[in-house]
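Notes for the one structure printed next.
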Amino acid sequence: MATTETVSAAPLPQDRPDEPREERKSLSQMVLQSGTIIALVGLIVIFGIMSPGGFLSLGNLTNILAQVAILTIIAGAQTIVMVTGHFDLSVGTTATLSGASASAFMLSGLPVPVAIILGLLVGLGVGMINGFLVAFLNISAIVATLATLTTVGGLAFIVTDGTTLYGMPEVFYWVGQSRIAGLPMPVVIAVVVALVIWIVLKYTTVGRRWYAVGGNADVARLSGVSVRGNVFWAFALAGLVSGMGGIVLVSRLSSASATSANDYMMLAVAAVFLGMTLSNSGQANLGGTLVGVGIIGVLQNGLNIVGVNTYVQQVLTGIIIVAAVLLSSFKSRRA
């Protein structure tokens with residue numbers, strides 16, 4: 001009788017684990033995820049070598065913190081909205097209008113605390129309008145907030161009458177020009193605002209719902225999450241926080257104009273996109289946003305110290321925004 005031998009087939013090449021490829025993939029993912037931090041450290045090293053006495057001095061490092069304080073607040077507002085999967089193109093003009101409104105109220109004779117509260121309510125009101133347009137009228141966030149940007153920008157010119165407002169009460173300047181333990185007050189305020197936003201996003205039910213909506217609105221809705229309500233309040237809070245940034249800026253500058261904070265919008269978007277590469281899911285997150293803010297602040301300060309033309313800085317800022325969008329998009333596809 002013939003015996004039958006069982007021969008084990010050698011595994012095909014595609015069946016064999018490709019460990020080097022997996023290691024390369026893991027390494028590339030790690031580099032991509034930490035690329036923003038590497039970029040920040042790299043910029044600090046480069047400018048530190050180019051100007052060790054100027055850039056790395058304690059005074060200049062404190063100056064960098066003061067310069068990015070307002071951006072930190074407004075980028076925090078943008079982070080809240082982008083966590084839900086939307087954009088707010090009006091955060092800059094909202095900050096401008098809130099600061100201008102608070103200044104106008106003070107100049108009209110209202111007490112400083114009342115004027116500040118009214119200025120914050122202006123920001124909250126703009127945010128609520130944005131939230132209503134997006135959440136309940138189903139208008140695209142980009143279209144809705146672009147319309148708000150234009151409208152609010154016009155209102156800022158009406159409030160200021162196209163001029164620069166100054167001469168507010170001296171006590172108001174304490175908000176933007178005083179120091180606590182050697183730190184400028186705007187830095188202290190920015191730290192407090194960032195800490196509150198971080199706690200809300202990471203440790204509260206509201207924050208988890210916002211992330212759920214941003215991750216997949218349909219799944220969140222089926223899970224019992226009120227998508228409309230959460231999007232509405234995310235925009236509302238972003239308006240309030242933006243208004244706070246505008247008021248701090250006016251206090252720091254001792255004046256208010258119709259365009260004082262408008263440029264912060266694009267920088268805030270860039271900071272959030274840069275920070276999104278630090279998240280495994282590719283979603284907006286406050287920690288990453290702060291790293292993005294640091295990159296922008298270090299770059300602007302370092303270029304000023306080494307004497308780079310302002311127009312060149314604008315070009316580089318635009319390149320950073322494009323790179324940030326591409327990186328976050330690439331990270332989202334790989335997630």
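Owing to the predicted nature of the structure, the values given are computational and were not obtained by experimental measurement.
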Q: Check the pair L249, S260 against side-chain contact (heavy atoms from CB on, under 4.5 Å), reporting the backbone distance first and the verdict last.
A: CA-CA 8 Å; L249 177 63; S260 56; 4.2 Å; yes
Q: Begin with the C-alpha distance, continue with both residues' side-chain angles, and end with the deciding distance and a verdict on side-chain contact (heavy atoms from CB on, under 4.5 Å) for K202 and N285.
A: CA-CA 9 Å; K202 190 172 180 65; N285 61 97; over 6 Å; no
**Q.** Steps toward side-chain contact (heavy atoms from CB on, under 4.5 Å) verdict (I247, F172)
**A.** CA-CA 10 Å; I247 292 172; F172 173 62; 3.9 Å; yes
Q.
For a side-chain contact (heavy atoms from CB on, under 4.5 Å) check, start with the C-alpha distance between V193 and T72, then their side-chain angles and the critical distance, and finish with the verdict.
A. CA-CA 9 Å; V193 170; T72 298; over 6 Å; no
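S98 places a side-chain N or O within 3.5 Å of a backbone atom of G123 that can act as its donor or acceptor partner. S254 contributes no side-chain N or O that, together with a main-chain N or O of V250, makes up a donor-acceptor pair within less than 3.5 Å. Proximity of a side-chain donor or acceptor of N60 to a complementary backbone N or O of L56 within less than 3.5 Å is not detected. One N or O on the side chain of S223 and one on the backbone of V219 form a donor-acceptor pair closer than 3.5 Å. Remark: the backbone N or O of M265 is not paired with any side-chain donor or acceptor of Q78 at under 3.5 angstrom. Checking side-chain atoms of S103 against main-chain N and O of L165 turns up no donor-acceptor pair under 3.5 Å. In this structure, S101 contributes its side chain and L97 its backbone to a donor-acceptor pair below 3.5 Å. In this structure, the side chain of T145 engages the main chain of L89 through a donor-acceptor pair within 3.5 Å. Judged by distance alone, the side chain of Y203 and the main-chain N or O of W198 form no donor-acceptor pair under 3.5 Å. One N or O on the side chain of R228 and one on the backbone of A135 form a donor-acceptor pair closer than 3.5 Å.
The local environment of CG in D263 is sparse, with at most 12 non-hydrogen atoms from other residues, nucleotides or ligands closer than 6.0 Å. Taking a 6.0 Å sphere around CZ of F136, one finds it holds more than 12 heavy atoms contributed by other residues, nucleotides or ligands.
Closest of all the heavy-atom pairs between G54 and S57 is O-OG, 2.9 Å. When all heavy atoms of Q177 and R252 are compared, the closest pair comes out as NE2-O, 3.4 Å. The minimum heavy-atom distance linking I296 with A271 is given by the pair CD1-N, 3.9 Å. The two residues S255 and T164 come nearest to each other via the heavy atoms CB-CG2, 3.7 Å. Between G215 and Q283, the shortest heavy-atom contact is N-NE2, 3.3 Å.
Hydrophobic clustering places F105 together with L121 (ILVMFWY residues linked when any side-chain heavy atoms are closer than 4.5 Å, directly or through intermediates). Linking ILVMFWY residues whenever their side-chain heavy atoms come closer than 4.5 Å, directly or via other members, leaves F87 and V152 in distinct clusters. Hydrophobic clustering (side-chain heavy atoms under 4.5 Å, transitive across Ile, Leu, Val, Met, Phe, Trp, Tyr) groups V312 together with I319. No single ILVMFWY cluster, assembled from side-chain heavy atoms under 4.5 Å apart, contains both W210 and V225. Under the 4.5 Å side-chain heavy-atom criterion for Ile, Leu, Val, Met, Phe, Trp and Tyr, F232 and V122 are members of distinct hydrophobic clusters.
Remark: I158 CD1 to D161 CG distance equals 9.5 Å, nearest 0.5 Å. Interatomic distance, L316 CG to L299 CG, rounded to the nearest 0.5 Å: 6.0 Å. Put simply, CD1 on I44 and CD1 on I49 are 12.0 Å apart, with the number rounded to the nearest 0.5 Å. Interatomic distance, I74 CD1 to Y264 OH, rounded to the nearest 0.5 Å: 6.5 Å. Note that CG of L146 and CG of D88 are 11.0 Å apart. Values are rounded to the nearest 0.5 Å. Rounding to the nearest 0.5 Å places CG of L124 at 10.0 Å from CD1 of I129.
Contact of the M106 side chain with the I116 side chain is registered, since non-hydrogen atoms from C-beta on lie closer than 4.5 Å. A 4.5 Å side-chain heavy-atom check between T84 and N230 finds every atom pair outside the cut-off. Contact check for F47 versus V298: side-chain heavy atoms found under the 4.5 Å cut-off. No side-chain heavy atom of F55 sits under 4.5 Å from any side-chain heavy atom of V306.
Between the side chains of T289 and T79, a donor-acceptor pair is found at a separation under 3.5 Å.
A side chain to side chain donor-acceptor pair (under 3.5 Å) check over residues 127-136, counting only residues at least two apart or in different chains, returns the pairs S90-N130, N130-T148.
Note on ring orientation: taking the six-membered ring where Trp is involved, the planes of F235 and H86 are tilted (angle from 30° to 60°).
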